[in-house]
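Computed from a predicted structure; not experimentally measured. The basis for the numbers below is simple: all heavy atoms, side chains too, and nothing from hydrogens, waters or symmetry mates.
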Amino acid sequence: MKKSLKKLPLIIVLLLAACIYYYVTIPAFNIHATGTWMFLICGWAVIVLLFSWRKIRFTKTGKLEYEKEKGFTFTKLGFGILVLLVAILLIGSLLSSPIINAKKYQQLLTVENREFTEDIKPVDYNQIPLLDKASAELLGNRKMGTMVEYVSQFEVSSIYSQINYRGKPVRVTPLVYASPIKWLTNQADGIPAYIMIDMATQETECVKLEQPIRYSMSEYFGRNIYRHLRFNYPTYIFDQLSFEIDDEGTPYWICPVKQFNVGLFGGQTIGKVVLCNAVTGETWSMDVDQVPEWVDRVYPADLLVQLYDYHGILKNGYFNSILGQRGCLRTTDGFNYIAMDDDVWVYTGVTSATADNSIIGFVLVNQRTQESHFYSVAGATEDSAMQSAEGQVQNLRYTSTFPLLINVSNQPTYFMALKDGAGLVKKFAMIDIQRYQNVAVGDTVADTQKAYEALLATNGVVSESDGGTATDVKTVKGTIRSLNQAVIEGNTHFYVTLEDEDGNIFDFALPGLLDIVGYKVGDTINFTYVESAGSNVSPAYEILGADGKAPATEDAAGSDGSAAGDAGAEGAPADANADGSVAAPTPAGDENASGEPEDDVVEENGAAQTPEEVAAGDDTKQVA
């Protein structure tokens, strides 16, 4: 009895230490949590050592000896249990790993193949986030600097969750106490506001609350959001928390709960979500399919990217992903967010496991439902596109933000902002994913889109037959005064001037506008074009019939690669062969040994001529 009483203070100290450890580290009591097992292992090791150290001694030869007692001593039993706990942790980790569960990991995410033009609607710049997180942080800090009543006591949190708020892409983040001393003097009144940044207009607002935020990450005791959640849900294993607001502007903490689908510790997804009112501390636990629609961030972006990597890399087993890598796909470095159907989707490119500079497509994953779509589009990686955009303004030394995927004239397009050394957005860029040498840069989004659509039309990428629709298309009808051809970067272009359009040159790019080869000087032509900003050369968009509508013709190119069409199509006089096919033009200009044009020229009676010189109006060589 006396011996037991002597150990009572030690037991009390151990219990007190365990309580302090739990209060500080707040581990979950869950067999799927490695923190729980580490808590048990460390705690049990301390207990065994404290209660058994007198029964352990080292001999002169350095061997460990136990005090001889009848049966198993507490020391032997304690160390046995300790070894068992460590074994469970190690064996459980192995049995939960992709090494022996590759198929289960690969099936954690279901991916549906979709068509880009069917899902990704033409771009609406009121819903396109023009800023990245770094730019948002800069705007948030500047806004905070103007709030005289708050700036000395609070700072802006670095969370900046991107959400959809009333149909607009915004980033929201709460204020935090500037220091422990500031917390001590202000915690009774709570946090009075949060920052909201419109990612499309760059408008920044400090939203003052009628009732302050009392539960946050910057609290130290019971109102700390992590501790508040742990005491209410001691068995839940929480993933990354995000700060969001509902449609009324009420702040909430969105707290996803981990679910492990492979063994003890593997195959993590999200099984439940806890919503916590940041003002009152009220909490609601629900399954993922019961989450309100205003919630945007249930699945953390990093988790979704990891799940797709499992899906792409482990298709043919774990060892194939390490050795042969046959059919292995992985996501590119980095991701961004797209707003669709009032949800936030994570976007990232998909490339081969050998990490080349091209993508085979890209994947979109819904952050609320985990719905996943793959789009097969071969093109440049995001890093290559960023380098291409920066190359357009290399004299200004601007840096590119991570690209955003948009639909311009039914073409998958990278959109990015270009920032100066201070982090301010100065220009914008659009890059054709499939042909990333097509780069347009502008001072405003509207100018950039206009230049980009003109670039697509110039290169014969966009045509009405492809379903593309430019946003600034004009129609013109007139008599052809001159018609010349040139080869630019390996592509044939016809440059046309009209009788009543002095100074304007219209660029018809092949093969998109192949019908132009059927026209000659003096013919009447009716077509649409995209007006180019800052240039008198405008790319033609579509050749129309006499009635102002596109003629209904067969595909310009047959299966054998020969040009085919209706020579008698209304509004399209043509010099045709006997079989009705149109003769393909012969490219002009000298070519080097590789077949590429040596110079980009227009031929006028055998003399070199620049496209701008066509506007002079002199008679030129007829092309028929």
Side-chain angles (χ1 to χ4, degrees), residues 28 30 32-35 93 96-98 101-112 132-133 158-164 171 217 225-226 229 233 235-244 252-276 285-291 295-315 318 321 328-340 343-351 362-374 382 402 405:
N30 192 307
H32 296 289
T34 55
S93 299
S96 304
S97 70
N101 296 286
K103 185 176 181 180
K104 292 181 180 179
Y105 273 85
Q106 198 270 336
Q107 295 175 347
L108 289 174
L109 185 70
T110 302
V111 181
E112 181 181 357
D132 59 1
K133 184 178 179 180
S158 61
I159 296 176
Y160 286 95
S161 302
Q162 181 166 320
I163 62 172
N164 283 343
R171 284 188 181 267
M217 296 180 181
I225 183 61
Y226 294 108
L229 291 170
Y233 303 96
T235 62
Y236 282 9
I237 308 171
F238 291 101
D239 206 316
Q240 178 183 336
L241 274 59
S242 64
F243 180 82
E244 296 192 30
Y252 282 85
W253 292 102
I254 311 303
C255 316
V257 181
K258 296 180 181 181
Q259 175 178 301
F260 296 90
N261 302 280
V262 181
L264 279 178
F265 312 118
Q268 178 202 330
T269 56
I270 302 299
K272 291 181 177 293
V273 178
V274 173
L275 304 186
C276 178
S285 176
M286 61 194 69
D287 293 333
V288 170
D289 56 2
Q290 297 175 337
V291 173
V295 175
D296 290 314
R297 299 170 65 91
V298 172
Y299 292 85
D302 293 332
L303 173 62
L304 295 178
V305 171
Q306 183 184 56
L307 290 177
Y308 188 84
D309 282 338
Y310 287 147
H311 177 82
I313 292 176
L314 300 176
K315 285 183 177 179
Y318 177 80
S321 69
C328 292
L329 304 175
R330 67 170 185 85
T331 56
T332 53
D333 297 329
F335 55 83
N336 213 327
Y337 302 96
I338 298 176
M340 289 196 314
D343 280 330
V344 175
W345 297 65
V346 175
Y347 151 79
T348 185
V350 177
T351 185
F362 52 88
V363 63
L364 298 181
V365 189
N366 191 311
Q367 280 200 279
R368 185 171 62 87
T369 65
Q370 198 183 301
E371 181 181 357
S372 306
H373 299 163
F374 174 79
E382 296 91 341
F402 191 84
L405 177 70

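- Expressed to the nearest 0.5 Å, how far NE2 of His32 lies from CZ of Phe265 amounts to 9.0 Å.
- With sequence neighbours excluded, the residues satisfying salt bridge (Lys or Arg N to Asp or Glu O under 4.0 Å) with Asp287 are Lys272.
- For the residue pair His373 and Glu371, the shortest heavy atom distance occurs at NE2-OE2, 2.8 Å.
- In this structure, CD in Gln367 is found 6.0 Å from CG in Leu304, a value given to the nearest 0.5 Å.
- Atom CD in Gln306 sits 11.5 Å away from atom CG in Leu109 (nearest 0.5 Å).
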Solution key, residues 331-339 side-chain donor-acceptor pairs under 3.5 Å, sequence neighbours excluded:
{"unit_1": "Thr331", "atom_1": "OG1", "unit_2": "Asp309", "atom_2": "OD1", "d": "2.9"}
{"unit_1": "Thr331", "atom_1": "OG1", "unit_2": "Asp309", "atom_2": "OD2", "d": "3.3"}
{"unit_1": "Thr332", "atom_1": "OG1", "unit_2": "Thr348", "atom_2": "OG1", "d": "3.4"}
{"unit_1": "Thr332", "atom_1": "OG1", "unit_2": "Gly349", "atom_2": "N", "d": "3.3"}
{"unit_1": "Thr332", "atom_1": "OG1", "unit_2": "Gly349", "atom_2": "O", "d": "3.4"}
{"unit_1": "Thr332", "atom_1": "OG1", "unit_2": "Glu382", "atom_2": "OE1", "d": "2.8"}
{"unit_1": "Thr332", "atom_1": "OG1", "unit_2": "Glu382", "atom_2": "OE2", "d": "3.1"}
{"unit_1": "Asn336", "atom_1": "ND2", "unit_2": "Phe402", "atom_2": "O", "d": "3.1"}
{"unit_1": "Asn336", "atom_1": "ND2", "unit_2": "Pro403", "atom_2": "O", "d": "3.2"}

Trace of the side-chain contact (heavy atoms from CB on, under 4.5 Å) decision for Tyr226 with Leu241: CA-CA 9 Å; Tyr226 294 108; Leu241 274 59; 3.9 Å; yes
side-chain contact (heavy atoms from CB on, under 4.5 Å) for Met286 and Leu275? Distances and angles first, verdict last. CA-CA 8 Å; Met286 61 194 69; Leu275 304 186; 3.8 Å; yes
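- Taking OG1 of Thr34 as the start and CD1 of Ile237 as the end, the distance is 8.0 Å to the nearest 0.5 Å.
- Residue Trp253 holds its CH2 atom at 10.0 Å from CG of Leu229, rounded to the nearest 0.5 Å.
- Remark: side-chain polar atoms of Ser242 are not paired, donor with acceptor, to backbone N or O of Gln240 under 3.5 angstrom.
- A distance-only check finds no donor-acceptor pair linking the side chain of Asp239 to the backbone of Pro256 [under 3.5 Å].
- Taking the six-membered ring for Trp and thresholds of 30 and 60 degrees, Tyr233 and Tyr236 have nearly parallel ring planes, at less than 30 degrees apart.
- A heavy-atom distance below 4.5 Å is not found between the side chains of Val344 and Arg297.
- Side-chain contact between Val273 and Val257 is absent, with no heavy-atom pair separated by less than 4.5 Å.
- In terms of heavy atoms, Asn261 sits closest to Gly267 at ND2-O, 2.7 Å.
- Shortest non-hydrogen contact noted between Ser321 and Leu314 is OG-CD2, 4.0 Å.
- Of the possible donor and acceptor atoms, one in the side chain of Asn366 sits under 3.5 Å from a partner among the backbone N and O of Thr369.
- Shortest non-hydrogen contact noted between Trp345 and Met340 is NE1-O, 3.4 Å.
- Under the rule for a salt bridge (Lys or Arg N to Asp or Glu O under 4.0 Å), Asp296 has no partner lying at least two apart in sequence or in another chain.
- Tested against Arg368, the residues Ile254, Asp289, Val288, Asp343 include a single side chain to side chain contact (heavy atoms under 4.5 Å, CB included) partner, Asp343.
- A 4.5 Å side-chain heavy-atom check between Val365 and Tyr299 finds every atom pair outside the cut-off.
- Across Gln106 and His311, no two heavy atoms sit closer than the pair NE2-O, 3.1 Å.
- Between Tyr105 and Tyr310, the ring planes are perpendicular. Angles over 60° get that label, and only those under 30° would be called parallel.
- One finds the CD1 atom of Ile225 at 5.0 Å from the SG atom of Cys255 (value rounded to the nearest 0.5 Å).
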After noting the C-alpha distance and the side-chain angles of Leu329 and Lys315, does the key distance pass the side-chain contact (heavy atoms from CB on, under 4.5 Å) rule? CA-CA 9 Å; Leu329 304 175; Lys315 285 183 177 179; 3.8 Å; yes
